[in-house]
Amino acid sequence: MILTSTVRLTAGDGHTFRAYSAGPETRHHRGGIVLLHEIFGINRYMRTMAEIFAAQGFQALVPDLFARQEADVELDYTGEDFTHAIELRDNLDLSTAGLDISAAVQWLRRSDWGNGRVGALGYCLGGGLAILAAASTDVDTAVSYYGVGVQDRLDVAEQIDVPVLFHFAENDHYCPPEARTAIAEAFAGNPEAEFYRYPGANHAFATFGRDTFDSEATDLAFERTLLHLQRWLD
């Protein structure tokens, strides 16, 4: 049985915000996962992914990273919602987002459900933030699904000494081949860095409900993600 709830977190600067929690009914030997959302907020996809990871024995927590701009954001993928999502993304302050992610990490570390280990896993915007979290917080690992902007902050690679996993879409205009090469080179000194490219896949290939969804790539990426999380969070 999976238990879900909305919890309140407090960042280091006093900002309070919500997060969606999903976890096993009883204490588990696996760790926690801070799930970092796309530009659409804590929508049905993010809640479902939290529950999927909870069913695998992890406690998942999805912090509302847009709450400093607008609380309770839940957007669709097209039309005015998409336009608004871009505005929220462009106005996101990375430094305060880092404070909010750190608050989520510490909440999971203190939780009675897990084993005290915590990873960051994100999609799109969240995929880039997961890598930043590996540099600025004490997460035990980070997983990036087609993370946006990683190639613009390659200096953080030197600050990361935990395992990282990158899922790249072959046809991702946000992270073209030259960007993927630069990321791999920047992380070459990390012996626990993993890189996977999904031929024919587009950005957001793992988001069901979007026209870019690729079930084969999604299943393979999820299998690899589980193996990674089991290795570093169990």
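Worth knowing before you read on, the calculation uses all heavy atoms, side chains too, and leaves out hydrogens, waters and symmetry mates.
- The closest donor-acceptor contact from the side chain of R18 to the backbone of D64 lies at 3.5 Å or more, if one exists at all.
- Side chain of E170 to backbone of G200: a donor-acceptor contact under 3.5 angstrom is found.
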Below 3.5 Å, can you tabulate the donor-acceptor pairs from side chains in residues 2-12 to any protein atom, sequence neighbours excluded?
none

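- Side-chain contact between R224 and Y196: present, with at least one pair of heavy atoms (C-beta onward) separated by less than 4.5 Å.
- Checking side-chain atoms of Y45 against main-chain N and O of A206 turns up a donor-acceptor pair under 3.5 Å.
- Judged purely by atom type and a 3.5 angstrom limit, D140 uses its side chain to pair as donor or acceptor with the backbone of V118.
- Q69 places a side-chain N or O within 3.5 Å of a backbone atom of L88 that can act as its donor or acceptor partner.
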- Task: Take F222 and Y145 through the ring pair (Phe, Tyr, Trp, His ring centres under 6.0 Å) test and state the conclusion after the steps.
- Result: CA-CA 10 Å; F222 187 70; Y145 274 77; 8.4 Å; no

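- Between the side chain of N190 and the backbone N or O of V162 there is at least one donor-acceptor pair closer than 3.5 Å.
- Without hydrogens or angle criteria, R109 side chain to G116 main chain gives a donor-acceptor distance under 3.5 Å.
- The main-chain N or O of G98 is never found under 3.5 Å from a side-chain atom of S102 such that the two would form a donor-acceptor pair.
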- Audit row: R231, T141, side chain to side chain contact (heavy atoms under 4.5 Å, CB included) steps and yes/no: CA-CA 10 Å; R231 180 180 181 187; T141 186; over 6 Å; no

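- Listed by chain and number, the residues in a salt bridge (charged side-chain N to carboxylate O under 4.0 Å, His left out) with E74 are R47 (sequence neighbours excluded).
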- Query: Where do H203 and V148 land on the side chain to side chain contact (heavy atoms under 4.5 Å, CB included) test, with the steps shown first?
  - Reply: CA-CA 10 Å; H203 183 77; V148 172; 3.7 Å; yes

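- Side-chain atoms of R180 come within 3.5 Å of backbone atoms of C175 as a donor-acceptor pair (strictly under, hydrogens ignored).
- When atom types are taken as modelled, the side chain of H15 and the backbone of D100 share no donor-acceptor pair closer than 3.5 angstrom.
- G209 approaches Y77 most closely through the heavy-atom pair O-CD1, 4.0 Å.
- Using cut-offs of 30° and 60° on the angle between ring planes, the pair F40 and F82 is tilted.
- Residues I42 and P63 approach most closely at CD1-C, 4.0 Å, considering heavy atoms.
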- Task: Begin from the C-alpha positions of Y146 and F205 and carry the test ring pair (Phe, Tyr, Trp, His ring centres under 6.0 Å) through to its verdict.
- Result: CA-CA 9 Å; Y146 31 82; F205 67 76; 5.1 Å; yes

